[in-house]
Amino acid sequence: MGETRHGYKPETIEAKWQDYWLRNHTFKAVDFDASRPKLYVLDMFPYPSGAGLHVGHPEGYTATDIYCRYKRMRGFNVLHPMGWDAFGLPAEQYAIETGTHPRDTTRQNIENFRRQIRAFGFSYDWEREINTTNPKYYRWTQWIFIQLHKKGLAYLEEVPVNWCPALGTVLANEEVVNGRSVRGDHPVVQRPMKQWMLRITEYAERLLNDLETLDWPEGIKEMQRNWIGKSTGAEVVFDVVNRDDTITVYTTRPDTLFGATYMVLSPENPLVDKLTTPKQREAVRNYRETTSTKSELERTELSKEKTGVFTGAYAINPVNGENLPIWISDYVMMSYGTGAIMAVPAHDTRDFEFATQFGLEVRCILEPDESDAADAGVSRNALLAGQQCWTGDGVLINSAGTQGLDINGLSVESAKEKTIRWLEESGCGKGAVNYKLRDWLFSRQRYWGEPFPVVYMEDGSVKLLEESELPVTLPELDDFRPTGTGESPLAKAEDWLEYVDPETGMKGRRETHTMPQWAGSCWYYLRYLDPNNTDAFCDLEKDKYWMPVDLYVGGAEHAVLHLLYARFWHKVLYDIGVVSTDEPFKKLVNQGMILGISYRDSQGRLVPNDQVEETDGVFYDRNTGEELEEFPAKMSKSLRNVVNPDEIITRYGADSFRMYEMFMGPLEAVKPWQTRDIEGLSRFLGRTWRMIIDDETGEVAGAVTDAAMTRDQERVLHATIKKVTEDLEGLDFNTAISQLMIFLNEFSKAEVRNREAMEIFVKLLAPFAPHICEELWERLGHADTLAYEAWPEFDESKMKLEEVEILVQVKGKPKARLMMPVDADRETMEKLALADADVQGTLEGRDVVKVIAVPGRLVNIVIK
RNA sequence: GCCCGAGUGGCGGAACGGCAGACGCAACGGACUUAAAAUCCGUUGAGGUAAUACCUCGUGCGGGUUCGAAUCCCGCCUCGGGCACCA
């Protein structure tokens, strides 16, 4: 810091104003304020981990904070809350290791997070703070579960689940990657278990269609569409030769029925037992055993070669009565469609691989356009001979059957339609829709989650508790280890388990599973509206006032799951009439990840930062002496490239930190953190201070007077108001800050600085750097916070020049720059340009073909 | 393999189809200082040239549209993210 007594001292003014805002409830959101438009701006609330905040958290928080502060100054009643998504595995793992109750760990972590977040000066309404682990909160999570159950959307099912022996729990599909747990990277195996499921598939169509109504990044919407995975096609019923059984398959290509040469069942398909002939029984049994012990990883990674076994049975192709051999193979999944397919090797790459592997017939029934085939490197003759596979468009051939269907000569599209019509008329099938989306596995075998409001009664019935019996609180435990049997640690809480029905006196045992972490975050945005309500999860009138969320900002890692689950719950709540909107989040923005600076050697290996030495701007590996290249990489403990926000705030202050994070680049972009770059923003705020304050006295500088601005200053002032306003509306914070810097460069060099211009500048900067601006505002003689001062308006006429520099190009190359009246029309511009001596020199002896004049911009002279 | 997104100085990044590199960092030169820090002023895409005049090249690569392309179109390459035997 400078030696001056009254220089810019973030450490003092930031504490002062944070305290002021809290004491004065400056950012309290007012329910039902009809005098102002409402604005609900939401951050994805954090999981309060033991590691504390990292520099990625405040990126989105700063963006929304700037937007909120700006909108308050534009007269909006802003709701901007914060809370804690505090159930979850890490606190429980810590409890297992140390015996510390997750409640205690969670409380400490929340305190630390709150302290860190407050140090940024975010304008949250702290009176609405929520915590998903508070029984007063999760009572309502349980209440919503009861509503789901009442609607028939929650059911118990024995399902093969991802059992992780090391964690002693079942994991959801999204918690397993390549057959290993996301958390801890332990192996995962399949195992059947009775679980709560939520029927999200019932909402698939609406979740898909309503994406159209949302102002979300196109990429995120596309990811949700892919996740829902709607496809249209047909279900076709195949009779089994010499048996009563039928096999129903789902296909998106009913037009290829004539190309079917065999059938495949998933190894898990219950029909396999019935159909397998005695001769094949042994082989089938062996195959099923092998696949069941295969992990998900092996089933996908080792799939270069197709495997399978013939069942000995045959099915009848309804279009031509042909017998098709029925195989089983693990390339057919039980969980998608009907767990059975008709194989058309000539027109499906997977079937083609399988047929080639086992010498099955490949029958071409679709002839592509010659040039299409050539483009794809496919030979028509090879195709017709069944030596290659064609999945593209074309004209149907060899597709007339004994049963009255003839689709020869048709395109794929019309052949599909005609086949479906025929299937429906002949009773062999029907048009059908399928989704990749599956029902949501909602049980976890863990302690630190919401208990289910469910009791298994003595008579075998399942009882959902009454609303008056909520909340079902977590029992006290000393030992948090998983039971290893698949039951959660709750199974050890003996007294807690016992339940007696208050009316009938019948005994029962409580559900020992708990809800997944997603549960609490599925509806938290509603609780902020009415955080202390004990009669309802949220008052409907408050919902009507505040909802929907106008802007939701968070990381792209929640692109699918959190956002899809929350949308699902919200639609259910909408259907039962307890919320007023059918979508919760109107506009969504993903902030890009902030990477750390790392180093890599010539082989591309990343070297931890504490092993790197710098000499004259070149980096070396301390151990090998090898020269290293700077390289941005995801922040991680192992690379030691994690930046701690506390240290940055101590060194530079929160205002500089906030501004740096916004100046790094566009909000949505992935950006590398460079601590030295923050100096530029720190310098900017120091210069801002000295532009207004005399740092010898701490009073407003003598240069700040009521003297009129120069034309240039006036123009820069209004251009700044315009640019900053427009950029704030578009969340383009980096370019808004650039403009503020241009203002500072213009005014700080001036001998006298107009006081009103200074005040406008302070207001424009305030959303970005609120602490220093409050302080400057006060020193400029204002008693109240500037949080609700009116946002400056710009005057377009003040920005006008009388003359502008017009570029004159010859054949697109810049030749001259001429001053012309702003409002010069095309002819005038052309005349002025052609009259210029330099231009005439260039044009000497050449024919002017054409002159293009763009008013206010340029003149381009086209010559021969 | 499929679906998105992105490639611009030494670095982060700006540019309604209209002067590429705003703004910042770093670097270099200068002022102030006993000195340093801080601060202030200046230079800074590459190459040619005595030159700050001037010329040539330049937004991943190859084509195209246009008076004019970082921007639009076609075909590639590389990197990042997502999905992954979805019938």
Side-chain angles (χ1 to χ4, degrees), chain A residues 1-4 7 178 217-223 225-227 229-231 233 249-253 256 264 266 299-301 303-304 306 329-333 335-344 348-351 353-354 434-438 556-557 559-560 590 592-593 595 597 617 630 632 634 659-660 663-666 668-681 683-684 686-687 690 695 732 734-742 744-745 748-749 805-817 849-854 856-863:
Chain A
M1 279 310 112
E3 332 137 43
T4 45
N178 290 336
E218 211 32 62
I220 301 293
K221 290 207 247 182
E222 196 55 28
M223 279 165 69
R225 282 189 201 107
N226 291 340
W227 191 265
K230 181 180 182 175
S231 70
V249 304
Y250 172 74
T251 177
T252 55
R253 295 294 302 275
T256 62
V264 187
S266 157
R299 241 171 116 152
T300 51
E301 289 246 320
S303 66
K304 278 141 206 148
K306 293 269 182 290
S329 171
D330 64 4
Y331 84 89
V332 174
M333 308 287 137
S335 48
Y336 182 78
T338 60
I341 62 157
M342 64 174 203
V344 184
D348 180 289
T349 39
R350 294 152 302 175
D351 297 345
E353 283 167 24
F354 190 85
N434 231 307
Y435 301 92
K436 282 202 279 186
L437 184 70
R438 309 192 194 151
E557 66 273 20
V560 177
N590 289 124
M593 205 186 340
L595 303 176
I597 287 301
E630 245 187 349
K634 219 181 238 189
M659 292 204 72
Y660 171 57
F663 188 64
M664 289 170 87
E668 295 93 332
V670 176
K671 307 160 280 259
W673 176 281
Q674 283 277 21
T675 298
R676 66 162 182 260
D677 286 358
I678 200 175
E679 304 265 2
L681 285 303
R683 233 171 267 163
F684 167 77
R687 292 178 63 206
R690 290 193 302 278
D695 56 10
D732 298 320
N734 55 331
T735 46
I737 292 172
S738 295
Q739 185 62 40
L740 291 167
M741 288 172 169
I742 290 169
L744 179 73
N745 290 343
S748 59
K749 70 186 180 194
E805 192 184 75
I806 297 292
L807 175 74
V808 182
Q809 297 179 322
V810 177
K811 278 192 92 176
K813 298 244 160 117
K815 274 289 172 268
R817 287 156 188 88
V849 180
K850 187 164 151 191
V851 178
I852 291 120
V854 183
R857 292 205 174 264
L858 55 63
V859 179
N860 189 10
I861 301 164
V862 188
I863 54 169

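Within every chain, numbering begins at 1; the chains are lettered A, B, ... in the order of the sequence lines, protein sequences first and strands thereafter. Every value quoted in this text rests on a predicted model; they were computed, and no experiment measured them. Just so you know, these numbers use all the heavy atoms, side chains as well, and skip hydrogens, waters and symmetry mates.
- Taking only side-chain atoms of A:I341, from C-beta outward, the nucleotide of B:A87, B:C19, B:A22 with the closest atom is B:A87.
- Taking atom P in both B:G81 and B:C76, the straight-line distance is 23 Å, to the nearest Å.
- Looking at A:K436, its side chain never comes within 3.5 Å of a backbone N or O of A:Y336 through a donor-acceptor pair.
- Between the CE atom of A:M342 and the OH atom of A:Y250 there is a distance of 11.5 Å, given to the nearest 0.5 Å.
- In textbook terms, a nucleotide whose glycosidic angle is within 90° of 0 is syn, and B:G9 is one such case.
- In the set B:G18, B:C25, B:C19, B:G18 carries the atom at the smallest distance from any side-chain atom of A:V854.
- Protein atom CZ of A:F684 is 11 Å distant from nucleotide atom C1' of B:G24, rounded to whole Å.
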Set out, line by line, the N/O atom pairs under 3.5 Å between protein and nucleotides 11-14 of chain B.
from	atom 1	to	atom 2	distance (Å)
B:G12	O2'	A:M664	O	2.7
B:A14	OP1	A:N734	ND2	3.0

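- Taking all atoms of both residues into account, the shortest heavy-atom contact from A:V249 to A:I341 is CG1-C, 3.5 Å.
- Scored by the side chain to side chain donor-acceptor pair (under 3.5 Å) test, A:E222 finds A:R225 as partners (sequence neighbours excluded).
- In this structure, CD of A:E679 is placed 13 Å from P of B:A37, rounded to the nearest angstrom.
- Of all nucleotides listed (B:C19, B:C40, B:C16), B:C16 comes nearest to the side chain of A:R857.
- Nucleic acid contact for A:G337: none, since no nucleic acid atom lies under 4.0 Å from a heavy atom of the residue.
- Here the side chain of A:D348 is nearest to one of B:G18, B:C23, B:A87, namely B:A87.
- Using a 4.0 Å heavy-atom distance criterion, A:E218 is classed as making no nucleic acid contact.
- The side chain of A:S231 has B:A87 as its nearest neighbour among B:A87, B:C67, B:C83.
- B:C3 sits 26 Å from B:U8 when the C1' atoms are compared, rounded to a whole Å.
- In this structure, the CD1 atom of A:I861 is 15 Å from the C1' atom of B:G18, given to the nearest Å.
- Residues satisfying the salt bridge (charged side-chain N to carboxylate O under 4.0 Å, His left out) test with A:K230, not counting sequence neighbours, are A:E205.
- Note on A:R683: a side-chain N or O is less than 4.0 Å away from OP1 or OP2 of B:A26.
- Taking atom C1' on both B:G58 and B:G42, the two are 26 Å apart, rounded to the nearest angstrom.
- Only the C1' atoms considered, B:G82 is 29 Å distant from B:A14, to the nearest whole Å.
- Between B:G10 and B:C61, the two C1' atoms lie 23 Å apart (nearest whole Å).
- Atom CG of A:L740 is separated from atom P of B:A22 by 18 Å (rounded to the nearest Å).
- Nucleotides B:G45 and B:C11 have their P atoms positioned 13 Å apart, rounded to a whole Å.
- Each of A:G680 and A:Y250 lies near RNA chain B, and the nucleotide nearest A:G680 is the one positioned closer to the 5' end.
- The two residues A:L858 and A:I806 come nearest to each other via the heavy atoms CA-CG2, 3.7 Å.
- Scanning for side chain to side chain donor-acceptor pair (under 3.5 Å) contacts around A:E668 gives an empty result, with sequence neighbours left out.
- Between the side chain of A:K306 and the base of B:C85, at least one donor-acceptor pair of N or O atoms lies under 3.5 Å.
- Comparing B:C85, B:A87, B:C3 against the side chain of A:E222 picks out B:C3 as the nearest.
- Partners of A:R817 under the side chain to side chain donor-acceptor pair (under 3.5 Å) rule, at least two apart in sequence or in another chain, do not exist in this structure.
- Taking atom P on both nucleotides, B:G24 is separated from B:U44 by 15 Å, rounded to a whole Å.
- For A:K850, whose side chain is taken as the heavy atoms from C-beta onward, the closest listed nucleotide among B:A87, B:C23, B:C67 is B:C67.
- Ranked by how close their nearest RNA chain B nucleotide is to the 5' end, A:M593 and A:T338 are led by A:M593.
- Across the protein-nucleic acid pair, A:E805 atom CD and B:G18 atom P stand 17 Å apart, rounded to whole Å.
- Among the heavy atoms of the strands lying under 4.0 Å from A:I852 is at least one base atom, whether or not backbone atoms are also near.
- Heavy atoms of A:D351 sit nowhere under 4.0 angstrom from any nucleic acid atom.
- Partners of A:T349 according to the side chain to side chain donor-acceptor pair (under 3.5 Å) rule, which considers only residues two or more places apart in sequence or in another chain, do not exist here.
- Applying the side chain to side chain contact (heavy atoms under 4.5 Å, CB included) rule to A:R687 yields the partners A:R690, A:L744, A:N745, A:S748; only residues at least two apart in sequence or on another chain are considered.
- The phosphate of B:C40 (OP1 or OP2) has a side-chain N or O of A:R690 nearer than 4.0 angstrom.
- For B:G5, neither phosphate oxygen OP1 nor OP2 lies less than 4.0 angstrom from any side-chain nitrogen or oxygen of A:N590.
- Rounded to whole Å, the separation between the C1' atoms of B:C72 and B:C79 comes to 24 Å.
- Judged purely by atom type and a 3.5 angstrom limit, A:D348 uses its side chain to pair as donor or acceptor with the backbone of A:D351.
- Atom CD1 in A:I737 sits roughly 10 Å away from atom C1' in B:G24 (whole-Å rounding).
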What pattern of brackets, bars and dots sums up RNA chain B from 5' to 3', given Watson-Crick or G-U wobble pairs under 3.5 Å, [ ] for crossing pairs and | for another strand?
(((((((..(((.....[....))).(((((.......))))).((((.....))))..(((((..]....))))))))))))....
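- The 12-atom threshold is exceeded at NZ of A:K221, counting heavy atoms of other residues, nucleotides or ligands nearer than 6.0 Å.
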Within the sub-3.5 Å range, which N or O atoms of nucleotides 68-71 of chain B have a protein N or O partner, and how far apart are they?
none

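- In this structure, the NZ atom of A:K221 is 18 Å from the C1' atom of B:G82, given to the nearest Å.
- Under the salt bridge (charged side-chain N to carboxylate O under 4.0 Å, His left out) criterion, A:K850 pairs with no residue, sequence neighbours left out.
- For A:Q674, the side chain to side chain contact (heavy atoms under 4.5 Å, CB included) test picks out A:I597, A:E630, A:Y660, A:R676, A:D677, with sequence neighbours left out.
- Applying the side chain to side chain contact (heavy atoms under 4.5 Å, CB included) test to A:M223 and every residue at least two apart in sequence or in another chain returns A:A559, A:V560.
- B:C85 atom P lies 20 Å from atom CE of A:M342, rounded to whole Å.
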